[in-house]
Amino acid sequence: MTDHARLRDDIAYVRAAAEQSTTVPVPAIHFLWALLVFVGFGLVDVVDDGRWIGGYWALAGPAGFGLSAWIGRRADRQAGRIDRKAGLRHVLHWATFMSAGVLGLALVQAGHLTWRGFGSLWVLLAALTYVQAGLHLERSLLPVGLLLAGGFLVTLWLPGFGWTATGTLLAIALVATAFTGKQDREPAG
Amino acid sequence: MSPRGDPEVPALEDLALLHGPLEHRVRLAICVLLSRHDAMSFSGLKRVLGETDGSLGAHLRKLEDCGYLLVDRTYRDRRPVSWYHLSREGRDRLRRHLGILTQLIDQTGL
């Protein structure tokens with residue numbers, strides 16, 4: 001093999017190794033959010049008292065966020081890598097979404113938005129956040145974001161069970177994307 | 001020596017760097033992987049690189065001896081886990097090595 005060919009071969013080897021070590025979806029996180037979204041969206045159609053829905057998300061949101069961070073960190077360690085910068089990027093990304101959603105409350109308080117509209121705003125913010133996550137963090141989340149964007153319109157124009165339909169679609173999409181990436185967990189050693 | 005006034009052409013002393021510890025593609029890949037993550041375990045590197053325990057261990061030892069790598073030994077479920085990360089020197093050497101490789105690739109169109 002000539003030096004030229006060997007160099008090209010070595011570069012291809014290093015590139016393949018680098019691609020192999022990229023972050024992959026952690027199915028447990030997708031399953032967790034599929035469940036939370038399915039229940040939380042379904043509540044909107046079956047519960048009249050908005051306080052139950054707000055209470056559910058006030059608890060499920062931060063709990064799911066914290067649990068996701070813990071599961072992600074554990075999965076990374078099991079895959080044999082520590083990546084604090086990537087972890088911080090994920091935390092900031094999703095924390096920004098939650099902060100924007102909470103700030104949206106000001107629109108309701110100021111009388112510019114109804115509670116039902118506030119729910120749709122959350123779906124729109126979630127769509128944007130998932131699309132951004134698909135573009136910058138984890139490619140498999142891109143279709144979930146696009147589906148959420150469609151779900152946003154459904155929640156506006158389909159009064160009866162639009163939320164349940166959107167939640168069900170989202171849950172299916174999240175479970176499906178849990179299987180789209182390669183699994184890379186082995187005991188660290 | 002590079003032609004005067006042409007910073008795009010690597011100097012001979014720079015090219016000599018390519019014959020250091022990072023000349024071997026497995027050692028180069030180890031350093032590239034560790035530059036992308038804070039640390040990787042022995043089995044994490046083994047899974048990605050597909051090397052045998054003996055081969056990977058020898059490459060890691062060589063990089064450690066050269067001062068390119070630092071290792072933290074911990075336990076997980078009572079099993080020892082070795083976490084490797086790049087030293088400051090290792091990071092500098094890798095940056096220079098990749099810089100020269102990039103220059104070569106730009107010139108030869110690899």
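Lettering follows sequence order; numbering is per chain, from 1.
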Checklist entry - Could you go step by step and tell me if A:Trp33 and A:Ser68 meet the side chain to side chain donor-acceptor pair (under 3.5 Å) rule? => result CA-CA 9 Å; A:Trp33 283 102; A:Ser68 301; 2.8 Å; yes
Item to check | Contacting moiety of B:Ile30, where chain A heavy atoms sit under 4.5 Å | outcome: neither
Checklist entry - Going through the checks in order, is the salt bridge (Lys or Arg N to Asp or Glu O under 4.0 Å) test met by B:Asp38 and A:Lys85? => result CA-CA 8 Å; B:Asp38 292 318; A:Lys85 271 185 233 152; 5.0 Å; no
Next on the checklist: Quick one about B:His37 and A:Arg81 (side-chain donor to acceptor, distance below 3.5 Å, no hydrogens or angles considered), yes or no?
Outcome noted: no
Next on the checklist: Under 4.5 Å from any heavy atom of chain A, what part of B:Leu33 do you find: side chain, backbone, both or neither?
Outcome noted: side chain
Item to check | Part of B:Val48 lying under 4.5 Å from any heavy atom of chain A | outcome: both
Checklist entry - How about A:Trp94 and A:Tyr130: are their ring centres within less than 6.0 Å of each other? => result yes
